[in-house]
Each structure stands twice: as C-alpha cells, then as structure tokens.
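As a basis for the values below, the full set of heavy atoms in this structure was taken, side chains included, without hydrogen atoms, waters or symmetry mates. Throughout, protein chains are lettered first and strands after them, A, B, ... in sequence-line order, and every chain is numbered starting at 1.
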Amino acid sequence: MADKPSFYITTPIYYVNAAPHLGTAYCTILCDVMARYKRSVGYDVKFLTGLDEHGEKVQRAAEEHGMTPQEWCDSLAPAFHEIWDTLEISDDDFIRTTEPRQVAAVQHLWERMRDAGYIYKGSYDGWYCVPEETYFTDMQVVKSDEERDSVGQHLCPDCGRPLERVQEESWFFKLSAFQDRLLALYDEHPDFVMPDFRMREVRSFVEGGLRDISVSRTSFDWGIPVPFDERHVTYVWFDALLNYATAVGFGNPDQAEQYARRWPAQFHVVGKDIIRFHCVIWPAMLMAIGEAVPEHVFAHGFLMVRDDESGKNVKMSKSLGNAIAPEDVIDLLGVEGYRYYFMTDCVPGEDGGISYGRMEQVYNADLANSWGNLVSRSLNMSAKYFAGTTPELPEGWERTESPLRSVAEGLVERYCEHMDAMRYTQAKDEVMELVHAANHYIEDAAPWAVAKDPARADELVGIIASLLESIRICAHLLAPFMPETSAEVLRRLSLEDQVETRDLRAACAWGGLVGGAGVTKGDALFPRL
RNA sequence: GCCGGUGUAGCUCAGUUGGUCAGAGCGCACGGUUCAUACCCGUGUUGCCACUGGUUCGAAUCCAGUCACCGGUACCA
C-alpha cells in the first residue's frame, strides 16, 4: 500500500438542503472516473466526497420540520449515499461537516490562524431582508438594483421589499495579505487552476486586489464555535473548505502519518461557480498556516439543456420545466450509459449542452451499434467456430502482424495522456478508434467465409483472436467510464481475474487473451433505443 | 463599461511555428453485406473557414477594424 504513490481527489461537499441533482452527479462522476483510472494505473487513491451541513438555512429548514438541525441533516444524508451507490461512485470516504473530526479540525485551524496573526475582529456590514430572513452583501444589492433600475433604494434581490442595514461583529481573515503570494503561486504553477481560461480569470481577479473576508457569524448558532470566542460560529469558508484537509487527518496527531502521505490533494474538482473559494481563499488559508496548497483545482462547467430544434442551450430550472433528474437519465440510458454519455459527450470544463435526443444518438451510435455490437458479433463467432470457447492460441501468436495490433499499438499511452489531463472526450475517441477498426476488420476479413474452408483454419484463429484481444483491451480502457460493462465483457471471455487491474499498461499489452477458455455470448450489453 | 474567449459542413468540434487545411465524429441520403443488437461496411454530404481591409509569392492560420455570441467582474458548495 505505502509503496504506491498517493492520489487524492475530492468533490465539493454538497449542500445538504438541496437534493442531489444532475449537476452534483456530474461532478461526482467526473471524480469517480479519475479515481478509477488512477487506481488502474497503480495509484493508492483516496476519493472523498461529502456534505456541507452547517449554516443558517439548514437551521431554519430544520425548525420548519420540527427537528433539530442534526436530525434534519441525518434525514437528508441517505439520499446522497443512495444516488452515489446507484451511480457506481467509488468514494473511499464521505465526510459530513457535523462530524467530530471536522469540528476538531476547524477549531484547530482557528487556533493556528490566530497564532499566525491572520485573524482579527471587525464588523460585518450588510443588508437584511426581514420578511425573507436573509442577509445580502452590498454587491448583491447594488447589482440587483441596477438590474431592475432601482438604484439607491436598496431592495431585496429576492422579494423586492426594502432592506434593513445591519451590523454584526465578526472575525475576519486577512485575505488581502496574500495577493502577491497567490500571484506567485499562479506563476509557478500555471495548471493550479484548470482549464487554463479559468486560470486567467482567477489571476485577473486577484490582480484587481483582495479584500479581507468575514469568517464568523453571531446571528445564528448552527456552526462550529470559534474556540476562543464562543459567541461566534464559523462561517462557510473556514468550515467547508477545510473538509479536504480534515478527511486526511489535518490537526489530528493520531493521523499525522496519513496527513503527511495524502496532503496536499492532487485534484479538487469543483463547479465553476465556486472557483474563487478554491483558487483564492483556500490556498490563502493554507499559506496562512504554512500548509501545502493543492496541486490542481479543476473547474467544470454547467449542464445546459439543449433545444434540439433551435440548437440553443438553456439553463436548467424548475420554473422553465426543463429540469432533468438523474433518475430520468438512468431510466433512459441505464447507469453505465448515463456515465458514458456525460463523461464523453460533455467537455469537462465547458458548459455541456445535453438533450434526450443527443443522449439517444450517442447511446445508439457508440454503445449499441459500435461497442456493444462488436462484442456481440465477436463473441458469437468465437463461440460458434470454436465450440463455445476462445480459439486455442498457437505459440507466439501475439507477435504475428495484424491490422488491429497496429491500431492498438501505443493506444494506452495516448489514452493515459488524455485521462491524466481529464480530457475524457479525447481518451474515449482513442478507444473508439480501435472499436471502429475492429468492426471494419470483420468486414474485411469476412471470418464467416473463412470458416467455410477447412484449409484456412489457422487464418480463422488469427482473425478471431485479434478481435477478442482488441475487445479485451477496449474493455480495460473503458472501465473507468463503465466499470460493470467492462467487467462483464471480461467475464464473458473467462478473464474475471483481469477485472481489478492495477497496471493498465501491462493489461493492455497485446497478447493478454487466454486461448481455449469458455466464451459466453450473453445478452446485448446495450440494447438499441 | 472593463477584462477574457469564441465565430470552420445540418449538429459537436480538429485544424501545431502561414504553403495538399478545407478535415473528423455524429446525423442524413444512396449502395453493398450478413457473423451481429434492422447491425456493420462503402460512397456522398454543392462549407464566401463571421464580415471588411492589410501584411505576404501564398492566410481559416499573422495584423487592424466591424458584427454576433459566451464567460468573468468577491462572500452563490
């Protein structure tokens, strides 16, 4: 275990009040594919996801339901575990910010921050909407006033009623002190923020100057108490962001070894709406207490609903009635089709235009017609021509020339290069090239004709063997996207012992097929829609 | 307003440092085939490479301007 390099990847912690939706699932699957891929190339992976359970909104929702905040959170958490199980998410840890480990870590952070001198007490000024019981910042108010042409009136952005000016004592984090160090970080690590256009956005934001941020509240109490000022509870940044460090033992002497091994994280995958917290505030917090900053923050785009008629992308929303739920997609494509569609048809980093029409297209073209049918026709022929088994392989068969062998040459290297950079669409294209080549090869080689001529028996062995070998390799490469389908394909080739790969390059070397082994044709992997 | 980006076949997009760069996949049309999930294979798809100027022997590829669209512009997990 310890001899393998560590790879630590995280999703954001999702806000417990909102049920898991297509966007959170998308982000989590992005991470899962990376986690599975990294395991297959030999990393000791830790994949973390979890829930953000503190805050005023949770407290209020709990009261409305006649529960304590903790009871309320406990009642919502199972929905997340369920959907992640359904979607084959292979998380190694699931953190909830109400857990003792998080409370201890956050309080430890406060002490370290205070000792380092980056915390001071000040006053948080803002606007409060009494009927809505919500706070707004100056910026939010000004922006909404500009939008509705009511400048100077200070109306609630949500309900439009007049706001009250409020002042609240608060602890502040000296974010302003980190401008230069953040810019230096961006210079030294241009891929700290990915994709690169997000890096430019972050940089120009920081170049514009930084303000200190309020990190505690006294107006509600559902939060982690500030250890040296019990009237205050921790506000989102210090609580939520720290979860990534907490989960690997930050501030816990009993877990010093794990922390040393796991931190810093390799990847934080986040939505583009929260990059500032991850790319500015979070590294500044870590710098303040002298801890290492994460290697990469990857910002994914939003899923937009694409109108197949007009070609326009529209935001998903309940009011527009165009929202798509994970369950809807599962019903249409199945879990593996779901994962494949979102991972290979949306460019990570950019907004994805999704539609049911497109889902069907991709599923039928790639999964049913190309990949599924290739497996089907190949296994069928092997079983038919070789009495229910793979052909007996002559000594050194893997060294004989074959059109498919040359397509497979270097494939795993090209694939890995793309996967490492989260270019899933391109990694998939590489694999599909072999799938298409194999389908093409069947046409050229016409094994059904060869099979009719006993004198060409050796030729038939070569054809079927290279087909099955190509399928075996594709199954390995598609496994991060569709783990169960790949496992099933390998099982049908009697290669169940290859399912848990720890050395993908070796697994994808030409020649891993076992001859004379049972072949199961089985049902269609992806029935056409 | 300011900063950044994009504009290439019906759709999604590739096109490195300017000279087979006019491409791929999907969709669609037609033809062929049968091992297979009515699949697969082949052929085709009449594109002012947004517009206008400029640099150059030569630009989708460099420069300037115009138009259109998108993202960012601090407390939204």
NA contact type, [X], heavy-atom cut-off 4.0 Å: base, sugar-phosphate, or nothing?
X	answer
A/S204	nothing
A/L241	base
A/P527	base
A/G209	base
A/L525	base
A/R528	base
A/Y14	sugar-phosphate
A/Y244	base
A/I442	base

Between side-chain atoms of residues 18-27 of chain A and protein atoms elsewhere (two or more places apart, or another chain), which donor-acceptor pairs fall under 3.5 Å?
residue : atom : partner : partner atom : Å
A/H21   : ND1  : A/G23   : N            : 3.0
A/T24   : OG1  : A/H21   : N            : 3.0
A/T24   : OG1  : A/H21   : O            : 2.9

Please determine whether a side-chain nitrogen or oxygen atom of [X] lies at a distance below 4.0 Å from atom OP1 or OP2 of [N].
X	N	answer
A/Y235	B/C76	yes
A/N439	B/C40	no
A/R276	B/U73	yes

Run the salt bridge (charged side-chain N to carboxylate O under 4.0 Å, His left out) test against [X] and tell me which residues pass, sequence neighbours left out.
X	value
A/E169	A/K121, A/R231
A/R472	A/E469
A/K174	none

**Study point:** Pairs satisfying side-chain hydrogen bond (donor to acceptor under 3.5 Å, both in side chains), at least one member in residues 275-287 of chain A, at least two apart
**Key:** A/Y244-A/H278, A/H268-A/W282

Check your understanding: Tell me, which pairs form a side-chain hydrogen bond (donor to acceptor under 3.5 Å, both in side chains) where one or both residues lie in residues 334-343 of chain A, sequence neighbours left out?
Key -> A/D32-A/R339, A/E336-A/T485, A/Y340-A/D366

With 3.5 Å as the limit, what N/O pairs link the protein to nucleotides 24-32 of chain B?
residue : atom : partner : partner atom : Å
B/C26   : O2'  : A/Q361  : OE1          : 3.1

Practice item. For the residue pair A/F178 and A/Y118, categorise the inter-ring angle as parallel (less than 30°), tilted (30 to 60°) or perpendicular (more than 60°). Key: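 Because their plane-to-plane angle lies in the 30° to 60° range, the rings of A/F178 and A/Y118 count as tilted.
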
Practice item. Using a cut-off of strictly less than 4.0 Å between a heavy atom of the residue and any atom of RNA chain B, enumerate the qualifying residues of residues 168-177 of chain A by number. Key: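 None, since no heavy atom is under 4.0 Å.
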
Exercise for review: Could you list all the salt bridge (charged side-chain N to carboxylate O under 4.0 Å, His left out) pairs where at least one residue sits in residues 368-377 of chain A, not counting sequence neighbours?
Suggested key: A/R377-A/E443

Nearest-Å distance once atom [atom1] is located in both [N] and [M]:
N	M	atom1	result
B/G18	B/C63	C1'	13 Å
B/U17	B/C70	P	29 Å
B/C48	B/G5	C1'	25 Å

Review point. Is the shortest distance from a Lys or Arg side-chain nitrogen in A/E484 or A/R491 to a carboxylate oxygen in the other one below 4.0 Å?
Key: yes

Point to revise | Pairs touching residues 422-450 of chain A that satisfy ring pair (Phe, Tyr, Trp, His ring centres under 6.0 Å), sequence neighbours left out | key: A/Y424-A/F481

Below 3.5 Å, can you tabulate the donor-acceptor pairs from side chains in residues 518-529 of chain A to any protein atom, sequence neighbours excluded?
residue : atom : partner : partner atom : Å
A/R528  : NH1  : A/N369  : OD1          : 2.8

Point to revise | First encountered from the 5' end of RNA chain B, between A/W448 and A/G208 | key: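 Taking each residue's closest nucleotide, the earlier one in sequence belongs to A/W448.
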
Point to revise | First encountered from the 5' end of RNA chain B, between A/D345 and A/L210 | key: A/D345

Exercise for review: Would you sketch RNA chain B in dot-bracket for me? Only Watson-Crick or G-U wobble pairs with both distances under 3.5 Å count, crossing pairs as [ ], other-strand pairs as |, the rest as dots.
Suggested key: (((((((..((((.....[...))))((((((.......))))))....(((((..]....))))))))))))....

